[in-house]
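In what follows, a single structure is set out as structure tokens and then discussed.
Numbers restart at 1 for each chain; the letters A, B, ... are given by sequence-line order, proteins then strands. Keep in mind that this is a model prediction, so the values were computed, not measured.
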Amino acid sequence: MSELARIIEALLFLSPDPVSADELAQATACESDEVAAALAELDRAYAPGARGLQLKRVAGGIALATDPVAEEASRRLLAKPRTPPLTPAQAETLAIVAYLQPVSRPEITRIRGVAAESASATLEERGFIEEAGRSQFGAVLYRTTDLFLKLFGLDSLKGLPSVAEWDPSPEEQADLRDRLLRAGEQRAGDASPAA
Amino acid sequence: MSELARIIEALLFLSPDPVSADELAQATACESDEVAAALAELDRAYAPGARGLQLKRVAGGIALATDPVAEEASRRLLAKPRTPPLTPAQAETLAIVAYLQPVSRPEITRIRGVAAESASATLEERGFIEEAGRSQFGAVLYRTTDLFLKLFGLDSLKGLPSVAEWDPSPEEQADLRDRLLRAGEQRAGDASPAA
Amino acid sequence: MTVASLELDLEVFSGPFDLLLTLVLREEIDLLEVQLAEIVIAYLDHLEARGELDLDVATEFLVLIAALLELKSRLMLPREDDELADFEPGEAAEELLARMLEAQRYRRAAEHLAARLAGEEGVRYRRAPLPPSLRSTNLAEAGAVYSPRRLGAALGSLLRVPAQLRVGHLSDPRVTTAERLAHLRRLLLRGATTFDEAVRGADRVTVAVTLFALLELYKQGEATWIQAEPFGDIAISPASRPAAVL
């Protein structure tokens, strides 16, 4: 392994946050193409399945992380569960913040149709979302954090699929419309006295 | 590399402290001779000069550590203050501490109209603010640090811009706290109906 | 004590009533998340603790809580009174459909995110303190990265008093209980009357305050009242006892 690759490996080991290629170039006093070559070398050394560690591109930088092969043993060693899964309410709130940021809580509530108070508080506590200024009415706006990108294995928000991908298909829309109309007719029918 | 060696590599990576062979055996649910064989395998992978990391036997166990080859670059990358852009919440919190110090967290919350927990935690972690004793009610008081002055290019707190520039009604600096609290209360409370 | 300073300890809010009101108006607290019943209970607890009824405060409280209730019910049934009338049933269904589709879009995005997080399970990052040699920040090397103007601007934005909120629609009871008491007493001097008579042409706030005044008259033993059927008119007659001295 080249000396530069070795140095970069050490930097990634020490740094608490993902390190960008620019920061690596600055710290090692090297050109960015040299850094790119060293990173390619590290990518080969950390090829999937080769080591207990992997090289991840997350939150706009590069980071070392464990391979899931070690999950059970690390849980036993550190006696610490990994990030608990999201509740449906938290996941919905997070999805709305991720796609519409910056977004206010009343807006989240409007889209979900149910309040988002405790879900957004939990997400903020876990460091997935943070304040991003205020709306013109003074309501706190939320955005996602770098920790969100890191824990979700995303390099940037661009890594999220387009929201249009989740649009119901025309068939599903037609089906939904049918069901809605039928329900409406039924209600209307129930309400009118037997003529 | 064997799966056990990969798992042990991941465990050593995660653990902030040296891990004993016994602990490794327990965490991986393997016999100690299997662990010893895996460690020998790792010793070969981490032969001196091979990587940016080294496998070290230290008091009470085994640990991963960086190779001295990365010393200079690590200092450049890490032994400098972290200075990402301030979020709106952090800027507001820091401004309150800078102008009103020493100031307690409940007071910061009152002035902002929203809690400042995570903002003040981050500012403290980055060394911008520090504890300065307790208020008479036992709340932690904050003040800015020397690092804060350096990062804002200030010789002393006197160099902070006059608030008159942003405040439509310039008054004496002395009652800044009063005016802030009043504005905070107004922001939070003055719309009480004229009932 | 005024209603404004009534201390509340609700699930989503803790502090004085007027602060809650403001936060709701500024959309910092979602009214849908506020259990109005909790506020009423807090007020009843307060009354019980005091052991007496301050009529003016009670009136103010009723007006405010009624306004909040109305606001909340409008939020819960956003298009009921104003727009639904203009809505063809088909349009209403389209509107509802659009909302359902939007909600569904983000529910699926949520599933994607949850799956993504689950997929990252087992990927752990290191959290360890830096080696001692790297831990101390060299002050001499720290340069000016931030502009002090940023702090001044942040503080300035806190100093600015936000624009006055219009709360006229919430309450401005220009009518007082005392006025309505006098009005009722005048009517009763001429003999029996009815509630409809007493509030003819009055706005809703006046109607509410008049009812309160009527309660007070009843409590003082100055009047009795009978409502023959639900929603029927209320007949009010002077009590046999002579009226209390004003």
[atom1] of [X] to [atom2] of [Y]: how many Å apart, nearest 0.5 Å?
X      : Y      : atom1 : atom2 : answer
C:L158 : B:R112 : CG    : CZ    : 7.5 Å
C:L151 : B:L94  : CG    : CG    : 5.0 Å
C:R124 : B:L11  : CZ    : CG    : 9.5 Å

For [X], does the [atom1] atom sit with more than 12 other heavy atoms under 6.0 Å from it, leaving out its own atoms?
X     : atom1 : value
B:Q26 : CD    : no
B:D33 : CG    : yes
B:E3  : CD    : no
B:R57 : CZ    : yes
B:E72 : CD    : no

Least distance between heavy atoms, [X] atom then [Y] atom:
X      : Y      : answer
B:Y99  : C:G152 : OH-CA, 3.7 Å
C:R150 : B:A91  : NH2-CB, 3.5 Å
C:A144 : B:F152 : CB-C, 4.2 Å

Listed by residue number, which members of residues 43-51 of chain B have a heavy atom under 4.5 Å from any heavy atom of chain C?
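The stretch does not come within 4.5 Å of chain C.
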
Proximal component of [X], with respect to chain C [non-hydrogen, under 4.5 Å]:
X      : answer
B:L86  : both
B:L154 : side chain
B:A98  : side chain

Listed by chain and number, what are the ring pair (Phe, Tyr, Trp, His ring centres under 6.0 Å) partners of C:F195, not counting sequence neighbours?
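C:F195: no ring pair (Phe, Tyr, Trp, His ring centres under 6.0 Å) contacts found.
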
Where the side chain of C:R126 meets the backbone of B:F13, is there a donor-acceptor pair that is under 3.5 Å apart?
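Yes; judged by distance alone, with no hydrogens or angles, the pair exists.
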
Would you mind telling me which of C:P129, C:A153, C:A128 has the largest number of heavy-atom pairs within less than 4.5 Å of chain B?
C:A153

4.5 Å side-chain heavy-atom contact, C:Y146 and B:F148:
no

Whatever's closer than 4.5 Å to a heavy atom in chain B on C:L155 counts as both

